[in-house]
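Along the sequence shown, residues carry numbers from 1.
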Amino acid sequence: QVQLVESGGGLVQAGGSLRLSCAASESTATINAMGWYRQAPGKQRELVAGISRSGSTNYADSVKGRFTISRDNAKNTVYLQMNSLEPEDTAVYYCNARSLVPYQYDYWGQGTQVTVSS
């Protein structure tokens, strides 16, 4: 099974930057895509950014132009560079890995808190 460990969260002022990292276990051969979700209290968990095995990316409209997802296959790590952070970005950020074989299954990291102050 795939294990995901996130790091890089913290407290920053509005306009600041953070880079989140998600290190995956070596058993990633069946993973189709990885991404970052976030969930604020009382809100639905939402997709922030995703990256497929082929390298295709997609972003939530709210973070386009500010966040960048990338990967380092040699290190089995996915990153989320977050710039121009806003208070609305405050949430717990979760790394996600999606497998499609033999059926769709999502693996989740433990979550890392991102807090953006005004």
Side-chain angles (χ1 to χ4, degrees):
Q1 59 182 300
V2 175
Q3 297 182 82
L4 306 173
V5 179
E6 302 118 323
S7 62
L11 172 64
V12 297
Q13 294 182 333
S17 299
L18 285 173
R19 189 173 79 156
L20 306 183
S21 298
C22 174
S25 68
E26 63 178 285
S27 301
T28 58
T30 62
I31 298 301
N32 176 257
M34 297 182 69
W36 292 92
Y37 287 72
R38 67 186 181 187
Q39 186 168 27
K43 295 185 177 181
Q44 298 285 331
R45 185 173 297 188
E46 64 173 345
L47 175 67
V48 178
I51 185 166
S52 71
R53 181 174 293 276
S54 66
S56 298
T57 60
N58 65 287
Y59 298 90
D61 288 341
S62 60
V63 307
K64 287 181 179 177
R66 300 188 298 121
F67 291 10
T68 303
I69 189 169
S70 61
R71 58 188 171 92
D72 185 337
N73 290 333
K75 297 181 179 180
N76 295 318
T77 301
V78 173
Y79 305 95
L80 184 67
Q81 179 66 46
M82 305 185 294
N83 298 326
S84 301
L85 283 162
E86 305 168 352
E88 291 74 21
D89 296 318
T90 296
V92 177
Y93 284 69
Y94 296 92
C95 183
N96 167 269
R98 177 164 291 176
S99 176
L100 298 179
V101 293
Y103 46 81
Q104 182 172 310
Y105 185 85
D106 287 342
Y107 300 89
W108 296 96
Q110 81 285 354
T112 184
Q113 177 71 45
V114 171
T115 302
V116 184
S117 64
S118 300

Quiz item: cation-pi between R98 and Y107, 6.0 Å / 45°: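 The answer is no, since R98 fails at least one limit relative to Y107.
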From [X] atom [atom1] to [Y] atom [atom2], the distance as rounded to the nearest 0.5 Å:
X	Y	atom1	atom2	answer
N96	W36	CG	CH2	10.5 Å
Q81	L20	CD	CG	9.0 Å
R71	M34	CZ	CE	10.5 Å

Same apolar cluster: L80 and L11, side chain cutoff 4.5 Å: no
Contact check, side chains of Y37 and E46, non-hydrogen atoms, under 4.5 Å: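 A side-chain contact is absent here, since even the closest heavy-atom pair is not under 4.5 Å.
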E6 side chain vs G111 backbone, donor-acceptor pair below 3.5 Å: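 Yes: the side chain of E6 pairs with the backbone of G111.
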Test item: R53 side-chain N/O and I31 main-chain N/O as donor-acceptor pair under 3.5 Å: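 Present.
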Parallel, tilted or perpendicular: rings of Y94 and W108 (30°, 60°): perpendicular
Criterion side-chain contact (heavy atoms from CB on, under 4.5 Å) against L85, the qualifying member of T115, V116, T90: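 With L85 as partner, side-chain contact (heavy atoms from CB on, under 4.5 Å) holds for just one option, V116.
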Side-chain donor-acceptor pair present, Y79, R19, cut-off under 3.5 Å: no
Check: D72/T77 side-chain N/O donor and acceptor closer than 3.5 Å: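 The criterion, which ignores hydrogens and geometry beyond distance, is not satisfied for T77 and D72.
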Check against side-chain hydrogen bond (donor to acceptor under 3.5 Å, both in side chains), E86 and S84: CA-CA 6 Å; E86 305 168 352; S84 301; over 6 Å; no
